[in-house]
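Report on the following structure.
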Protein chains: 2
Amino acid sequence: MACENETAIVLREAGQKVTPQRVHILCEVRHSGVHITASRLIEELRTSHPFIDASTVYRTLASAADLGLVYETDMGSGESEFEWVGKDRHHHLICRTCGDVTSLDNSYLDGVATLLYEEAGFQADLGHFAIFGVCKSCQTKA
Amino acid sequence: MACENETAIVLREAGQKVTPQRVHILCEVRHSGVHITASRLIEELRTSHPFIDASTVYRTLASAADLGLVYETDMGSGESEFEWVGKDRHHHLICRTCGDVTSLDNSYLDGVATLLYEEAGFQADLGHFAIFGVCKSCQTKA
DNA sequence: GTCGCAAATGCAAGTCGTTGCAGTTGCAGC
DNA sequence: GCTGCAACTGCAACGACTTGCATTTGCGAC
């Protein structure tokens with residue numbers, strides 16, 4: 001698949017060695033759609049590439065997150081979820097009651113980031129944010 | 001200490017049973033000052049009350065967080081930090097470079113919460129938030 | 001093509017936090 | 001003061017994730 005070549009280029013540009021393990025892991029993240037937990041990723045890789053160790057997956061994801069290739073978000077389940085960094089920066093609204101995850105446009109928090117920089121000189125990294133609360137339908141049920 | 005009686009009252013009002021373990025754990029959180037990680041809390045309790053099991057500490061903290069008695073915040077270290085809920089709601093600015101933690105007034109994010117409720121019907125729980133980024137002094141150093 | 005080295009990998013062992021379960025305990029009702 | 005029960009506790013086992021270390025491998029230099 002073309003994705004593998006592309007992933008290899010991204011890796012090389014980031015100054016990382018291009019190993020089949022890394023390419024497979026990152027391709028899996030790209031193809032997984034929205035979010036994928038580390039454990040589910042390991043499970044899926046176990047079927048397609050059984051020789052890849054869990055520690056390799058964790059290390060690859062951590063270094064990819066450092067380089068900004070993937071986002072790592074704590075979705076409140078205790079497990080981190082990973083997502084390939086696409087063009088559109090967005091956040092997530094996570095319902096504490098039903099666990100539903102909704103995407104949220106970046107614009108909501110842009111104002112906060114600007115304000116923080118102007119008033120505190122703090123360059124906030126609001127690239128990918130998880131906001132907990134109670135969604136509309138759970139509120140009406142209650 | 002008076003704190004123990006007070007903690008017991010808070011627990012009873014919250015509909016929880018008042019056990020010595022819970023009182024000790026929550027007192028420790030109250031006295032620890034700003035933030036304390038679960039593992040450090042367990043370590044401190046080990047010296048003062050060696051008979052309290054780690055699982056009891058985690059369960060007590062989780063139920064106290066549910067009841068809004070303590071805040072649970074992911075400070076990016078992988079470990080959750082706990083803080084006794086005082087009168088002032090506030091957030092934290094955490095520098096990715098030097099690890100410094102600064103408190104941030106609640107007002108910055110109040111606007112976001114209002115906007116989310118009006119536009120998405122989502123009741124955001126912004127009681128205690130950790131925002132990552134780069135602080136002023138680290139920016140000037142770079 | 002092959003050499004050398006830093007980076008990446010796989011394995012095993014360890015830590016951290018959670019969960020199931022049987023026994024214990026706080027406390028409301030009598 | 002006694003009783004019953006739900007909530008709480010401690011233990012042990014488990015899953016998730018990390019770390020140390022010896023081995024392997026990608027890749028730039030020759």
Side-chain angles (χ1 to χ4, degrees), chain A residues 4-5 7-29 35-46 48-67 69-70 72-82 99, chain B residues 4-5 7-29 36-46 48-67 69-70 72-82:
Chain A
E4 302 201 349
N5 291 324
T7 307
I9 293 168
V10 173
L11 272 176
R12 193 160 305 147
E13 280 180 355
Q16 302 244 322
K17 285 191 182 174
V18 180
T19 66
Q21 289 91 335
R22 302 205 146 192
V23 174
H24 287 141
I25 292 166
L26 295 180
C27 274
E28 196 69 44
V29 176
H35 298 102
I36 187 164
T37 64
S39 52
R40 227 193 102 214
L41 187 61
I42 289 166
E43 200 179 319
E44 300 214 347
L45 285 166
R46 210 189 304 273
S48 53
H49 309 91
F51 49 87
I52 299 182
D53 192 75
S55 65
T56 303
V57 177
Y58 285 113
R59 278 190 276 228
T60 301
L61 288 173
S63 68
D66 266 356
L67 291 165
L69 301 180
V70 300
E72 182 184 358
T73 315
D74 176 17
M75 291 298 194
S77 62
E79 287 182 73
S80 287
E81 301 209 359
F82 293 88
Chain B
E4 301 202 350
N5 291 325
T7 306
I9 293 167
V10 173
L11 273 175
R12 194 160 303 150
E13 280 180 354
Q16 303 243 320
K17 285 190 179 173
V18 180
T19 66
Q21 289 93 332
R22 305 207 142 191
V23 174
H24 287 139
I25 292 167
L26 295 179
C27 273
E28 197 69 44
V29 176
I36 188 164
T37 64
S39 52
R40 225 193 105 213
L41 186 60
I42 290 167
E43 200 178 318
E44 300 214 348
L45 284 166
R46 209 189 306 273
S48 54
H49 308 91
F51 48 87
I52 298 182
D53 191 74
S55 64
T56 303
V57 177
Y58 285 111
R59 277 189 277 230
T60 301
L61 288 174
S63 69
D66 266 355
L67 291 166
L69 300 180
V70 300
E72 180 184 359
T73 315
D74 175 17
M75 290 298 194
S77 61
E79 288 183 72
S80 286
E81 300 210 0
F82 294 87

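Source: prediction; values computed, not measured. Throughout, a chain's letter reflects where its sequence line sits, starting with A, and its residues are numbered from 1.
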What is the distance, to the nearest angstrom, from the CG atom on B:Leu41 to the P atom on C:dC16? 14 Å
Interatomic distance, B:Glu81 CD vs C:dC16 P [rounded to whole Å]: 15 Å
Return the value, rounded to whole Å, for the distance between atom NE2 of B:His49 and atom P of D:dT9. 13 Å
Close side-chain approach of B:Arg22 and B:Ser63, heavy atoms under 4.5 Å: yes
Nearest nucleotide by nearest heavy atom, which residue falls closer to the 5' end of DNA chain C, A:Pro20 or B:Val18? A:Pro20
Would you indicate which nucleotide in C:dT25, D:dG26, C:dG10 comes nearest to any side-chain atom of B:Lys17? C:dT25
Residue-phosphate contact under 4.0 Å: A:Thr60 side-chain N/O, C:dA8 OP1/OP2: no
Mind checking if B:Ser55 touches a base, just sugar-phosphate, or nothing, with heavy atoms under 4.0 Å? base
B:Leu41 side chain reached by B:Leu61 side chain, heavy atoms, under 4.5 Å: yes
Short side-chain N/O contact from A:Arg12 to OP1 or OP2 of D:dG26, under 4.0 Å: no
If I take atom CD1 in residue B:Ile52 and atom C1' in nucleotide C:dT25, what distance separates them, rounded to the nearest angstrom? 15 Å
Given atom CG of B:Leu26 and atom C1' of D:dC8, what is their separation to the nearest angstrom? 13 Å
Between D:dC8 and B:Gln16, is there an OP1 or OP2 to side-chain N/O distance shorter than 4.0 Å? yes
From the candidates D:dG26, D:dC11, C:dT9, the one with an atom nearest any side-chain atom of A:Gln21 is C:dT9
Specify the residue among A:Arg59 and B:Arg22 whose closest nucleotide of DNA chain D lies further upstream toward the 5′ end. B:Arg22
Can you figure out which of C:dT18, C:dG10, D:dA6 approaches the side chain of B:Tyr58 most closely? C:dT18
Looking at every non-hydrogen atom in both residues, tell me the closest pair between B:Gln21 and B:Thr56 and how far apart they are. CB-CG2, 4.2 Å
For atom CG of B:Leu61 and atom C1' of C:dT18, their distance in whole Å: 14 Å
Are any non-hydrogen side-chain atoms of B:Gln16 and B:Leu67 less than 4.5 angstrom apart? yes
Rounded to the nearest Å, what distance is computed from the CZ atom of residue B:Arg40 to the P atom of nucleotide C:dG17? 14 Å
Output yes when at least one side-chain N/O atom of A:Thr56 is less than 4.0 Å from OP1 or OP2 of C:dA8, else no. no
When rounded to whole Å, the CD to P distance for the pair B:Glu43 and C:dT15 reads 13 Å
Would you check if A:Glu44 and A:Arg40 make a side-chain contact, meaning some heavy-atom pair closer than 4.5 Å? yes
